[in-house]
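What follows is a short report on a single structure.
The figures here come from the full heavy-atom set of this structure, side chains too, leaving out hydrogens, waters and symmetry mates. We number each residue from 1, following the sequence as shown.
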Amino acid sequence: MSIVYVIVKILTLPGAVIHAFFEHMVCRSAKVIVEDERVIQFNEMLSHVDHQLIKRKGPGFDICFIPFFMNLILGFLTLCYGSTTIIYYGKYADVFGWVCLYFGIALLTNLFPQIEDVMMLKETNLDNNDKKIGKVLVAPLYGIFWLGARLEKWGLTLLTSIGFAFLVPVILGWFVPALYSLLK
């Protein structure tokens, strides 16, 4: 465990708690036993839920994907307002913009599952899967999760989230005019 990991998780605590909440909800809905329900621990379990090892395909994928997807959507939506207001328009006095920017970065910093869950996803869905279509669909997600879990281990997801905050106005600048012209 890296001290940088714990410091980044403490700095982005709202995103860590929300990720752990979604992970806990997936464990409960999939009837996976949660061994330790404490969310705020100052070790590698910060922002994750300590759950039983999974040997089935469905819950293994869900535990990796659903918290990732929910943090991604919530983080991007809050980052849209905060990044556009603060970075693009330069309205530095907008307190709500700063709050949205912080929460968006916090949510995007805590996207990825633990490396143990990623390896379990590989074992249950890629190695033991007879269907090639399943492997084709899960393999790119496995690569994203594996890389993200490795970056998160060293606290580098904070830097990628900050960099993404600067790209959000550019991304919106590409898609919003195109969407507007389609709706006309």
Item to complete: Output every pair passing salt bridge (Lys or Arg N to Asp or Glu O under 4.0 Å) with a member in residues 79-97, not counting sequence neighbours, ordered by first then second residue.
Response: none

[X] to [Y] - nearest heavy-atom pair and separation:
X: Ser83; Y: Pro169; value: OG-CD, 2.9 Å
X: Glu152; Y: Leu111; value: OE1-N, 4.2 Å
X: Gly148; Y: Thr157; value: O-CG2, 4.0 Å
X: Val118; Y: Pro113; value: CG2-CG, 3.6 Å
X: Asp117; Y: Cys64; value: O-SG, 3.4 Å
X: Leu108; Y: Phe76; value: CD2-N, 4.3 Å

Discussion item. Does any part of the side chain of Cys80, heavy atoms only, come nearer than 4.5 Å to the side chain of Leu172, both counted from C-beta?
Written reply: yes

Worksheet item: Do Met119 and Glu123 come close enough that some side-chain heavy atom pair is under 4.5 Å?
Response: no

Fill in: Distance in Å, Leu74 CG paired with Asn71 CG, rounded so as to fall on 0.5 Å steps
6.5 Å

Discussion item. Just verifying a value: how many Å separate Met120 CE and Gln114 CD, rounded to the nearest 0.5 Å?
Written reply: 10.0 Å

Discussion item. Can you pull out every ring pair (Phe, Tyr, Trp, His ring centres under 6.0 Å) where at least one residue sits in residues 78-110? Sequence neighbours excluded, please.
Written reply: Tyr81-Phe96

Worksheet item: With Val8, which of Asn110, Leu159, Leu156, Thr109 fulfils side chain to side chain contact (heavy atoms under 4.5 Å, CB included)?
Response: Thr109

Response to the item:
Tested for ring pair (Phe, Tyr, Trp, His ring centres under 6.0 Å) against Phe145, the lone hit among Phe69, Phe112, Phe68, Phe61 is Phe68

Worksheet item: Are Trp174 and Leu79 joined in one hydrophobic group, where the rule is that I, L, V, M, F, W and Y side chains link up if heavy atoms are under 4.5 Å apart?
Response: yes

